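Chain letters run A, B, ... following the sequence lines, proteins first, then strands; residues in each count from 1. In this text the structure is predicted, and so the values were computed from the model without any measurement.
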There are 2 protein chains.
Amino acid sequence: MSAPARQSTPKGTQTAAKVRAAALKLFARNGYAAVSMREVAQNVGVQPGALYNHFATKQDILKDLMLAHMADLISAWEREAANKSSGADPLDTFVRFHIRYHLEKRDEVFVSYMELRNLEPDNYQQVGAERRRYETILTDILSAGAKSGRYQVKDAKVATRAIIAMLTGIPSWYQPGGALDPTEIENLYAALVQRSVGSAANANTIGERVS
Amino acid sequence: MSAPARQSTPKGTQTAAKVRAAALKLFARNGYAAVSMREVAQNVGVQPGALYNHFATKQDILKDLMLAHMADLISAWEREAANKSSGADPLDTFVRFHIRYHLEKRDEVFVSYMELRNLEPDNYQQVGAERRRYETILTDILSAGAKSGRYQVKDAKVATRAIIAMLTGIPSWYQPGGALDPTEIENLYAALVQRSVGSAANANTIGERVS
DNA sequence: GATAAATAAATGAACGTTCATTCATATTCA
DNA sequence: TGAATATGAATGAACGTTCATTTATTTATC
């Protein structure tokens, strides 16, 4: 009898995915340098040597995680931007997207900006390029808004860095079940950002719309 | 003839200071976990064993650096606040102080917030307490401003974290000799912060005062 | 002020452990 | 049968730390 279509084993990727998941969790919790391949293997439920059937080196796991994160972040934004009605304020859309994404993928985000220094030069370049690609999204929004007179931004690049730093700091203190839920955080930060770029009317609207 | 006052050897602290300086530089550049005691010793110009005459463990060096940084940061603020005329806007004073200090002591700052995870629990507690003490300074400024109606801040604690994250991100992209000098950065960020808390009039004044 | 005793700091080799990675062999699966 | 994957032991290097010993410096004594 033909095998009962047991889900057709999606590729040899099954164990590699477990390795990624275990490494991500451990790197996020203890830092890349402090995590041993033995620990990763134990979390996967396998002997250390088996890891090398899926990744050539420990560094390759880190590179894989970081590049995958950047690709996912950028494509998630592209979906978000495509689905938004053209009437929505793009800065508001971006801020809320960034916060939501960063609170959903805490480990990926944390590893991706804490472990930059542990990337070998070549991998560092690659990740840095993706990072700049993402930041350019916000810079373009701010530049367009400044040109149209909607925002008062003297230097769109500086404002980009300021806003991204502000938003990216959120996961470092956010606790699920804490005093603020993600939507409240979105509202507070959206108001702060709108005002910071001189869009006061918008800030009030947005700041209140949840009350 | 009496020895020519050869500077009276200021204490046994001389080498310990060199250890601190070397460890700070190396931890900032490569990360605590990636730096070996042998590297530190080599940078001091001494054999590895000699380090243990000054610090009991590698962890003790990190703890020492981080606590010293927090103490220095807080006492620098206290001097700053004491010397300011009472007419100055306290938020503006704080923002400019924070930026200036963080650009001057880049290594200390970088180590102090990147290596938190490498502190053993007891040391982590101590450093965390100092950190909260510093953040409270800004929270108090914002709360007072909100009460007086000068600022529109819905949640002073959230605004504190947002502003500090925004400012603390500066050293990660600032380059001495780059397009912006520290004073220009101060001005741009002071404007962003003032506006973010709804103090628009102030933002304009400050944003322009350098042009 | 010289000399001896006491203290502090540095040496250089070694300790036991852990690290990332390799590899011959076995197992699993298509 | 052949290819992919896992095992488990081994490799050599690097790690933080220790320690008996030597070298410098400070303190006490005359």
**Item:** All side chain to side chain contact (heavy atoms under 4.5 Å, CB included) counterparts of A:P121, not counting sequence neighbours
**Value:** none

**the helix from C:dG1-D:dC30 to C:dA30-D:dT1: angle between end helix axes, five pairs per end, rounded to 10 degrees** = 20°

**Message:** How many whole angstroms separate atom CG of B:L51 from atom C1' of C:dA10?
**Reply:** 10 Å

**Item:** Residues which pass salt bridge (Lys or Arg N to Asp or Glu O under 4.0 Å) with B:K105, listed by chain and number, not counting sequence neighbours
**Value:** B:D72

**Item:** Residues A:R117 and B:E115 bridged, charged N to O under 4.0 Å
**Value:** yes

**Request:** Examine D:dA4: is either OP1 or OP2 under 4.0 Å from a nitrogen or oxygen in the side chain of A:H54? Give yes or no.
**Result:** no

**Item:** Separation of D:dG16 C1' from B:I61 CD1 (nearest whole Å)
**Value:** 11 Å

**Asked** Please give, in whole Å, the distance from D:dC15 C1' to B:Q59 CD?
**Response** 16 Å

**Prompt:** How close or far is atom P of C:dA20 from atom OH of A:Y52, stated in whole angstroms?
**Reply:** 7 Å

**Prompt:** Between A:V35 and A:A50, who's closer to the 5' end of DNA chain C by nearest nucleotide?
**Reply:** A:V35

**Message:** Short of 4.0 Å, heavy atom to strand atom, which residues of residues 36-49 of chain A count as contacting DNA chain C?
**Reply:** A:S36, A:M37, A:R38, A:G49

**Prompt:** Can you name the salt bridge (Lys or Arg N to Asp or Glu O under 4.0 Å) partners of B:E108, sequence neighbours left out?
**Reply:** none

**Request:** For B:D107, check side chain to side chain donor-acceptor pair (under 3.5 Å) against everything at least two apart and list the hits.
**Result:** none

**Request:** Establish whether the base of D:dA4 is bridged to the side chain of A:N53 by a donor-acceptor pair shorter than 3.5 Å.
**Result:** no

**Prompt:** What is the distance, rounded to the nearest whole Å, between atom CZ of B:F55 and atom C1' of C:dA10?
**Reply:** 16 Å

**Asked** Contacts to DNA chain C from residues 22-31 of chain A, heavy-atom cutoff under 4.0 Å, which residues?
**Response** none

**Request:** Grab the CD-P distance between B:Q14 and D:dT25 for me, whole Å please.
**Result:** 10 Å

**Message:** What is the distance, to the nearest angstrom, from the CG atom on B:N118 to the C1' atom on D:dG16?
**Reply:** 15 Å

**Item:** Set of residues satisfying side chain to side chain contact (heavy atoms under 4.5 Å, CB included) with respect to A:T136, sequence neighbours excluded
**Value:** A:D140

**Prompt:** Can you name the residues that form a side chain to side chain contact (heavy atoms under 4.5 Å, CB included) with A:V158, not counting sequence neighbours?
**Reply:** A:D155, B:W173, B:L180, B:L188, B:Y189

**Message:** Is the phosphate of D:dA6 approached by A:T15 (side-chain N or O, under 4.0 Å from OP1 or OP2)?
**Reply:** yes

Identify each donor-acceptor pair in which a side-chain atom of residues 37-53 of chain A lies under 3.5 Å from a protein atom, sequence neighbours left out, and give them as a table.
from, atom 1, to, atom 2, distance (Å)
A:E39, OE2, A:S36, N, 3.1
A:N43, OD1, A:K25, NZ, 3.0
A:N43, ND2, A:E39, O, 3.3

**Request:** Would you mind checking if B:E135 and B:R132 are paired as a salt bridge, meaning a charged N to carboxylate O distance below 4.0 Å?
**Result:** no

**Request:** List for me each residue that meets side chain to side chain donor-acceptor pair (under 3.5 Å) alongside B:T160, sequence neighbours excluded, and say none if there are none.
**Result:** B:T139

**Complete:** Those residues at least two apart in sequence (or on a different chain) that pass salt bridge (Lys or Arg N to Asp or Glu O under 4.0 Å) with A:R100 are A:E80, A:E186

